[in-house]
2 protein chains.
Amino acid sequence: MDRKELFEKKPKIKINNKISFCPTSAAMELIGGKWKSVILTHLIGDKKRYNELRKEIPGITERTLSLQLKQLEADGMVNRRVFTKKPPLKVEYTLTEFGQTLVPILNLIVDWGLQAAETKGEFLFEETK
Amino acid sequence: MDRKELFEKKPKIKINNKISFCPTSAAMELIGGKWKSVILTHLIGDKKRYNELRKEIPGITERTLSLQLKQLEADGMVNRRVFTKKPPLKVEYTLTEFGQTLVPILNLIVDWGLQAAETKGEFLFEETK
DNA sequence: CGGCATCCGATCCGATACTG
DNA sequence: CAGTATCGGATCGGATGCCG
């Protein structure tokens, strides 16, 4: 069935047991929310450890980072690999192959955010932490 | 200041009085959430009346559609125009010029959602309403 | 036709403290 | 180091009814 026919039939979409009414909302179930795309953006290119992500993503709490990573893992966007069994642990997160397919969108979103800031917003630089 | 320099300084970003820590979260403040990008997608190309949107977006409630449209208007993504004063009213929504800049992202998201459904999910067709 | 008002449960998410 | 546990406020969003 081609795209045109799909559009006309307006099927619901089921991904990971979540049912959506259209491709857009299906996508937003996976990458929407306040933090998911931010986390994914930071995983572009490199693997990252938990605390690296925590430091690189200002404003996020441990709890939220942990929960979001777990969801991303459950949705097949992120791999979690444990390298040591005894504390101190070493855990690395990477994008899955599926997660990689998001990279073009994430890059567009970053660009758009920058441009929106330039045209409609402002940048706040802080000398004094 | 060029992009590279901007990245290194990691300024906060303020758009419409909302402060974000990076371009991605700034963007997600504007287009994130369950419904905003769905609504915007339906405004691509055509102006739409309130009830048109309601019919075309299954699963959304009047209240939510109304609230989201108001936010999109406040954020400068959508124009709301009233054409009659006495009931029955005629109200049309269109993308603003700023909203138009989102179209490439929205199209990518639709494509990605379709592809995700094809590879990781399934389509549910309903003969019986 | 195009909403708004109200109520209310579900969910999100921040703060804080604790653990293998 | 990489989380989990618990609490609680804020926000989301569904149901319902009303209105110019």
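Note on naming: letters A, B, ... go to the chains in the order of the sequence lines (proteins, then strands), and numbering restarts at 1 for each one.
Rounded to whole angstrom, the span from the CD atom of A:E29 across to the C1' atom of D:dG13 amounts to 13 Å. The interatomic distance linking A:L67 (CG) with D:dA5 (C1') rounds to 11 Å, in whole Å.
Residue pairs satisfying the side chain to side chain donor-acceptor pair (under 3.5 Å) criterion with at least one member in residues 91-100 of chain B, sequence neighbours excluded, are listed as follows: B:R80-B:Y93. Applying the salt bridge (charged side-chain N to carboxylate O under 4.0 Å, His left out) test to residues at least two apart or on different chains, the pairs with a partner in residues 56-68 of chain B are B:K48-B:E56, B:R54-B:E62. Listed by first then second residue, pairs satisfying side chain to side chain donor-acceptor pair (under 3.5 Å) with a partner in residues 101-114 of chain A read A:T101-B:W112, A:W112-B:T101, not counting sequence neighbours.
Among the atoms of the strands shown, none is found under 4.0 Å from any heavy atom of A:Q71. Within the nucleic acid shown, A:F83 has no heavy atom closer than 4.0 Å to any nucleic acid atom.
Checked by atom type and distance alone, the side chain of A:T41 never pairs as donor or acceptor with a backbone atom of A:L106 at under 3.5 Å.
A 4.5 Å side-chain heavy-atom check between A:V38 and B:F21 finds every atom pair outside the cut-off.
From the 5' end on, the contacts that DNA chain C makes with chain A at under 4.0 Å to a non-hydrogen atom open and close at C:dC13 to C:dG20.
Of all the residues in residues 44-64 of chain B, B:T61, B:R63, B:T64 reach under 4.0 Å from DNA chain D with at least one non-hydrogen atom. Within residues 30-40 of chain B, the residues approached by DNA chain D to less than 4.0 Å at the level of any non-hydrogen atom are B:K34, in residue-number order.
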